[in-house]
Each structure stands twice: as structure tokens, then as C-alpha cells.
Amino acid sequence: MREKQIDKLKDYKYGFTTDIENVRAPKGLNKEVIEFISKAKKEPKWMLDWRMKAFERLKNLKEPNWQKPKYPKIDYQDIYYYSAPKSASEKPKTIDELDPKLLETYKKLGIPLQEQQRLNGIAVDAVFDSVSVATTFKDKLNEVGVIFCSISEAIQKHPELVKKYIGSVIPLTDHYFATLNSAVFTDGSFVYIPPGVRCPMELSTYFRINASQTGQFERTLIIADKGSYVSYLEGCTAPMRDENQLHAANVELVALDDAEIKYSTVQNWYPGDEDGKGGIYNFVTKRGLCKGTNSKISWTQVETGSAITWKYPSCILQGDNSIGEFYSIAITNNHQKADTGTKMIHLGKNTKSKIISKGISAGFSDMTYRGLVDISSKAKNSTNYTQCDSLLMGNKCGAHTVPYIKNKNPESNIAHEATTSKISEEQLHYCQQRGLNPEEAVGLIVNGFCKEVLQQLPMEFAVEAQKLVGISLEGSVG
Amino acid sequence: MLKIKNLKADIDSKSILNNFNLEIKPGEVHAIMGPNGSGKSTLSNILSGKKGYKVSGEVLFENKNLFELETEERAHKGIFLAFQYPLEIPGVNTNIFLKTSLNAIRKANGEKELDAIEFLKLVKLKAKNLKFDEEKLNRQLNVGFSGGEKKKNEILQMSILNPKLSILDETDSGLDIDALKTVADGVNSLRKKDNSFLIITHYQRLLDYIKPDYVHVLMNGKIIKSGGPELALELENKGYENFN
């Protein structure tokens with residue numbers, strides 16, 4: 001099998017034309033694999049050169065080790081870096097082949113059957129509504145000049161934009177996982193909003209037809225040109241079946257003068273079983289650059305999945321009067337671990353940032369909020385407000401708050417508030433006495449705790465996210 | 001409706017209730033009076049299903065063994081406890097809490113859940129009757145409420161849920177005279193031939209407004225005397241110490 005693949009790879013080098021749909025690059029991380037990816041995606045030379053630069057740089061980098069959750073050593077030569085969508089024969093054929101627990105969760109979340117199938121990679125061969133939805137949707141976006149496509153397509157069709165902005169927020173050499181992503185990224189989303197345009201709808205990967213199986217090294221680039229606005233939704237509230245263990249995505253946002261980007265994530269990857277076996281390592285680099293004056297970037301995240309979540313969606317407030325926001329709910333249960341937070345780097349004058357973080361830990365899990373607020377000497381009259389609240393359930397879990405605060409400007413102001421609380425037996429008893437079962441009670445109390453963040457989510461997402469918050473904590477009481 | 005036979009309750013191997021007997025029939029109002037530490041709150045805790053007690057004896061609610069039911073199942077069957085110290089739940093809107101509660105109980109009983117409009121209509125009416133400030137319903141549950149407001153909120157919930165058996169655990173303590181009257185009005189408006197009440201209190205004054213059918217004196221974990229409303233007055237005159 002493996003030899004056959006290498007043969008194919010050789011063929012490919014010399015004008016390989018076979019349908020790439022069923023091709024997988026051999027295991028391992030090397031120049032040939034990167035060339036393979038780049039060719040499979042019909043990339044121009046500059047893109048391949050860029051990947052190679054990242055790969056060269058990677059050789060001198062080490063994985064960071066300052067984070068709290070430790071993980072077993074990853075063998076980077078034992079990973080498939082390119083795997084095109086699986087052939088139908090490898091996918092589960094019907095919904096009945098899936099884990100009944102997963103189906104139970106879908107039911108609770110109210111996910112329609114077709115959507116369940118899509119989530120699990122089941123080939124849906126009937127007339128699929130979303131195709132027509134996607135078409136109407138594309139027409140509408142074309143009308144106003146919004147570009148929304150896969151990053152692979154953008155590299156071919158809009159090279160000038162990609163070339164200008166890719167790596168401009170997360171440099172090629174940023175850190176191990178970001179650099180690894182730069183070398184081997186396979187797909188992701190690209191969004192460009194032209195000047196003065198308010199994107200007429202929430203953009204979501206759900207609507208992008210070729211969004212499935214973008215895999216473990218996703219790359220997303222969103223550019224909001226002057227005076228534009230876009231709200232982007234990433235992920236899905238339903239648990240995603242996925243065999244890839246390591247996820248190292250890069251997301252870059254650029255907001256020019258007077259532009260605003262709102263980026264919402266609901267992450268519910270497989271968290272491993274109740275004993276902490278399996279699960280995704282979610283090591284993601286997300287960074288937004290408020291490049292122009294009066295620009296604004298707002299991150300909202302609901303992180304409930306993955307065995308280990310390690311991410312700090314950040315804002316670089318370069319333009320004067322720019323605003324950065326971070327709203328986060330992170331929930332860990334059983335043996336999950338999360339080390340998450342944000343970085344607000346104030347460079348411009350009158351820049352403002354706001355951080356609202358809600359961490360909930362249950363079971364044997366461990367949660368760390370880690371955040372940096374850095375106000376440079378030039379960022380006159382800037383302010384930050386940080387609020388970090390932790391909620392503990394039971395007495396075997398952990399919650400930690402690690403704020404890093406640097407203020408080099410005497411005219412600027414930083415405020416930090418933190419609380420830690422526990423769901424009390426009395427609160428539970430009170431809710432139960434009013435007819436709620438323990439899980440409904442926890443769901444209600446936790447949703448109350450998270451309210452400020454849930455309110456930031458787009459409506460259609462908020463309802464599902466609320467249910468998800470309850471479901472993620474199932475089994476943590478009683 | 002409620003039959004308690006030989007109830008014994010210990011916490012941390014300390015005996016709180018011992019040989020406790022009580023029967024409440026549909027439509028009756030019973031008052032339990034007793035000094036601090038006599039076991040009054042333990043009784044309401046046990047009836048509502050609070051964990052942490054070692055219990056024996058028998059408690060039947062509509063001929064069902066209460067000890068086999070979870071707290072929420074007891075609520076579904078129509079047992080309501082107005083808490084002595086109502087809990088604060090930050091971030092949870094009072095209206096949403098009330099609606100969630102009402103619908104959980106309706107659902108468990110196979111009744112149609114109320115939508116937002118139907119619910120708001122109901123809650124507005126009940127709040128008006130209880131002179132409960134409607135604006136408070138949009139605040140976080142009991143957060144920043146005064147002691148009196150918290151107690152009124154319990155009675156509001158009671159009137160919305162319309163339970164078969166309402167247990168009021170020292171609802172009168174900490175209330176000024178106006179609030180006391182409002183609370184009593186709330187209880188009296190729910191008095192029907194099927195609804196029963198167990199009113200736990202230190203003082204006789206609430207019983208000026210809610211006329212009980214029976215009064216029981218609880219001391220050292222058991223009822224030492226039962227009688228009509230006149231018993232409460234006698235207690236008030238003599239004090240608990242001289243009552244024996």
C-alpha cells in the first residue's frame with residue numbers, strides 16, 4: 001500500500017493527472033510531501049516557496065512547552081499531511097453505524113438528519129438542499145463583491161490578495177505549530193470584503209460546499225477592507241467525528257480603516273472518552289490585526305470539545321482608536337484540559353480592549369485562563385478591561401487564572417477582575433425543588449454564568465450553544 | 001395527602017427528628033411552631049428531598065413513598081417548598097427561571113408547555129396580585145433582592161406553580177407587616193379544597209392572617225402537642241420554655 005502511494009507520488013512529480021480525490025500523500029513530514037500538497041492544489045510557485053521557507057524554519061523550532069496541559073510526544077513523521085476526501089467505501093454508510101451516544105447528542109441539539117450525515121461524512125446522494133442554498137447564497141455575495149471561497153481557490157484566483165496578506169498577521173516563523181501549519185496547510189476559508197460593504201449575511205463554513213474534510217491543518221484568511229463589516233461563524237455545535245488527533249489551524253484576520261470583523265467559534269471536537277482516552281489536540285493560532293484606524297476585531301469562542309485545547313485568539317491594535325474584544329466560554333469535563341485566553345497588544349493611540357472569559361471545569365478536568373495585555377509606550381490613552389470568572393463543579397477539577405499585564409504608557413489604564421465560584425448543593429437543590437432535573441439545573445446555572453458571552457453570539461448560534469453548554473456537562477453531577 | 005409515620009432523621013449521627021408523626025388531608029392548613037433547633041427546617045429539607053440526612057420511617061404523599069422519589073419528581077407531583085433562604089442564581093433571568101420551572105413540571109405531568117406569551121400573561125397577573133414589582137422579573141434570580149423581595153418571589157413561584165402541598169419554611173421571618181400581609185394573601189388565594197399547606201414558623205403573627213386548621217408544637221424533634229388555632233396564641237403567651 002505504502003509503496004503504491006510512493007509510486008503515485010513519483011508519477012505526480014512528472015505530470016501526474018489522476019483524479020486527486022482518492023490520493024493520500026505518504027506518511028511523514030518532508031520536502032516531497034510539501035511539494036505533493038502544493039501540486040495537488042495546483043499552487044503557483046510563490047506559494048510552494050513560501051511553504052518551503054516555513055519548512056526550513058521549522059527545522060530550527062521546538063514545540064512550546066510553557067503551557068499547563070502536557071501531552072505525549074507527537075511523532076510528526078507518523079502523520080498523513082495530505083488526505084483528500086475519503087472514498088465512499090471508507091465512510092460510514094448509514095447513520096446507524098455511528099456511536100449511539102453521538103446520535104443522542106444530535107437529538108438533544110435538534111440537528112436535522114441531513115446535517116447529522118454531513119457531520120459524519122456520510123455521502124448524501126439525494127438532492128441536497130444546501131447545494132441550492134449555497135448557489136443563491138453565492139449569487140447574493142457576488143452582487144456586492146464579497147469573495148468567499150476556499151483558500152486553495154483563492155490562491156489560484158486571487159493571488160494578489162493572498163500574497164499580500166497571508167502571513168502578515170501570523171508570521172511564517174511565529175512558533176512551532178503556526179510554522180508547521182504554514183508548511184503543510186491543506187485548506188480553509190478565504191474571505192474578502194470590499195471597501196464600504198457590509199456583508200449581507202453571516203458567513204459560515206456550513207455554506208461553503210467544499211468545506212468538508214478540510215482536515216487538521218486548516219488555514220483561514222479574512223480581510224475586511226476599509227469601512228466594511230463581516231461576521232464569520234466557524235465550526236458547529238454538534239460533535240464532529242474525526243480521526244485526526246492533532247489539529248493545528250491558523251486563522252488570520254485583517255481589518256483596515258473603519259472595518260469590523262466579528263469572528264465566532266463553537267468548537268466541539270471529540271473530547272476523548274470518560275477515562276480520557278483519545279480526543280483531539282486542538283492547538284490553534286488565531287490572530288487579528290486591527291491595521292486601520294477605527295477598526296475593530298471581536299472574537300467570540302465557545303470551546304467545549306477536544307482533549308486538549310490550547311489557543312489564544314489575539315488582537316494587535318495597530319490602528320489608532322482600534323478596538324479588540326475577546327469573549328470566551330471554555331468548558332472542560334472528565335479528563336479534558338484547556339489552556340486558553342487571549343493577547344491584546346495595544347500599539348495605536350486610544351485603543352481599547354475588552355476581555356470576558358468564563359471558564360467552567362468539571363470532573364477531573366483542568367482549565368487555565370492565560371492572557372496578555374500589553375500596552376506599548378506609544379499607545380496613549382488606551383484602556384483594557386478584563387474579567388475572568390471560573391466556575392468549578394465538584395472537587396477534583398482545577399481552574400487557574402494567569403494574567404500577564406504590561407503597561408508602558410502612564411496615560412493608559414488596565415483593569416482586571418477575577419472570580420472563582422462553585423455551583424453549590426443548595427443552588428442545585430433549589431432548582432430541583434422547582435422541577436428541574438440535575439442536568440437541567442446545571443445547564444441553567446451554567447448558562448447564567450456564561451450569559452455575557454452567549455449574548456455575543458449570532459442568534460442562530462446562541463440557541464444551539466446554550467444547549468451545548470448543558471450537554472457538555474452531562475454526567476458531571478449526582 | 002401527606003402521611004408521616006415514625007419519621008426519624010439523623011445528620012452526622014446526630015438525631016434531629018425522632019418519632020415524628022403528621023397527617024395532612026387535602027385542603028388543610030397545618031402550622032408547625034417550634035423554637036430554634038427543634039427540627040423545623042430539617043422537616044422541610046427532608047420533605048423536599050435534600051440530601052445528607054439519614055432517614056427512616058415512612059412518608060407517603062398521595063400514597064407514594066416519598067423516599068423513592070427524587071427532589072424534582074416530588075416537585076412534579078405537586079410538592080413546593082418556599083425556602084427559608086431563597087437561593088441567588090447569578091445570570092439567570094427570574095422570568096426564565098420561572099418559565100423553565102413551570103414548563104418542567106407541566107411537561108412531567110403530560111401537560112402542554114407554555115410559550116413565552118402565555119407565560120408572560122400568567123406571570124404578570126400573579127405578580128400584580130402579589131404586588132410584586134414586575135421590573136424585578138427581568139433581573140437575575142434573587143440577586144440584589146431584599147429579604148422581603150426574595151420571600152415574595154417564593155410566594156410568586158408558588159402561585160404560578162399552584163402546588164398541591166406547599167411548605168412554607170419560616171417565610172414570615174424578616175418580613176415587615178405589609179409584606180407579611182401580601183404573603184398571607186398569596187397563600188389564602190391558593191387555599192382550595194385540594195391544596196394543602198404546611199406552615200413552619202417561630203411566631204404566631206403570620207397565623208393572624210392565615211388561619212390554620214391545626215397547630216402543632218415541635219420540640220426536640222417530635223410533636224409534643226397538637227390543637228386548633230388557639231394553641232398558637234397559648235404558645236405566644238407562655239413561650240416555648242414554659243410550654244411543657
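Quantities reported herein were computed from a predicted structural model and do not represent experimental measurements. Every chain is numbered from 1 and lettered A, B, ... according to where its sequence line falls, protein lines coming before strand lines.
Contact annotation for residues 51-58 of chain B against chain A (heavy-atom separation below 4.5 Å, listed by residue number): B:Lys51. Residues of residues 85-94 of chain B lying under 4.5 angstrom from chain A, judged on non-hydrogen atoms, are B:Pro86, B:Leu87, B:Glu88, B:Ile89, B:Pro90, B:Gly91, B:Val92 in numerical order. Applying a 4.5 Å heavy-atom cutoff, the residues of residues 98-128 of chain B that approach chain A are B:Thr100, B:Ser101, B:Ala104, B:Ile105.
Not a single donor-acceptor pair under 3.5 Å links the side chain of A:Gln432 to the backbone N or O of B:Thr71.
Remark: A:Tyr263 pairs with A:Tyr232, A:Trp299 by the ring pair (Phe, Tyr, Trp, His ring centres under 6.0 Å) rule, at least two apart or across chains.
Heavy-atom neighbours of A:Lys352 NZ from other residues, nucleotides or ligands within 6.0 Å: at or below the threshold of 12. With a 6.0 Å radius and a threshold of 12 heavy atoms from other residues, nucleotides or ligands, B:Lys3 has its NZ atom at or below the threshold. Within a 6.0 Å sphere centred on NZ of A:Lys262, other residues, nucleotides and ligands contribute more than 12 heavy atoms.
Of all the listed residues (B:Leu161, B:Asn45, B:Ile79), the one sharing the greatest number of non-hydrogen pairs under 4.5 Å with chain A is B:Ile79. When the candidates A:Gln433, A:Glu426, A:Arg434, A:Gln427 are compared by the number of heavy-atom contacts under 4.5 Å with chain B, A:Arg434 comes out ahead.
Residues B:Ala75 and A:Gly435 approach most closely at CB-N, 3.6 Å, considering heavy atoms.
A donor-acceptor contact under 3.5 angstrom links the side chains of B:Ser48 and A:His429, judged on distance only.
In summary, A:Glu425 and B:Lys50 do not engage in a salt bridge, as defined by a charged side-chain N under 4.0 Å from a carboxylate O.
For A:Tyr430, the parts lying under 4.5 angstrom from a heavy atom of chain B are both the backbone and the side chain.
Looking only at side-chain heavy atoms (C-beta outward), B:Glu72 and A:Cys431 stay at 4.5 Å or farther from each other.
One finds the CZ atom of B:Phe97 at 8.5 Å from the CD1 atom of A:Ile445 (value rounded to the nearest 0.5 Å). Summarising the geometry, atom NE2 belonging to B:His76 is positioned 7.5 Å from atom CG belonging to A:Asn437; distances are rounded to the nearest 0.5 Å.
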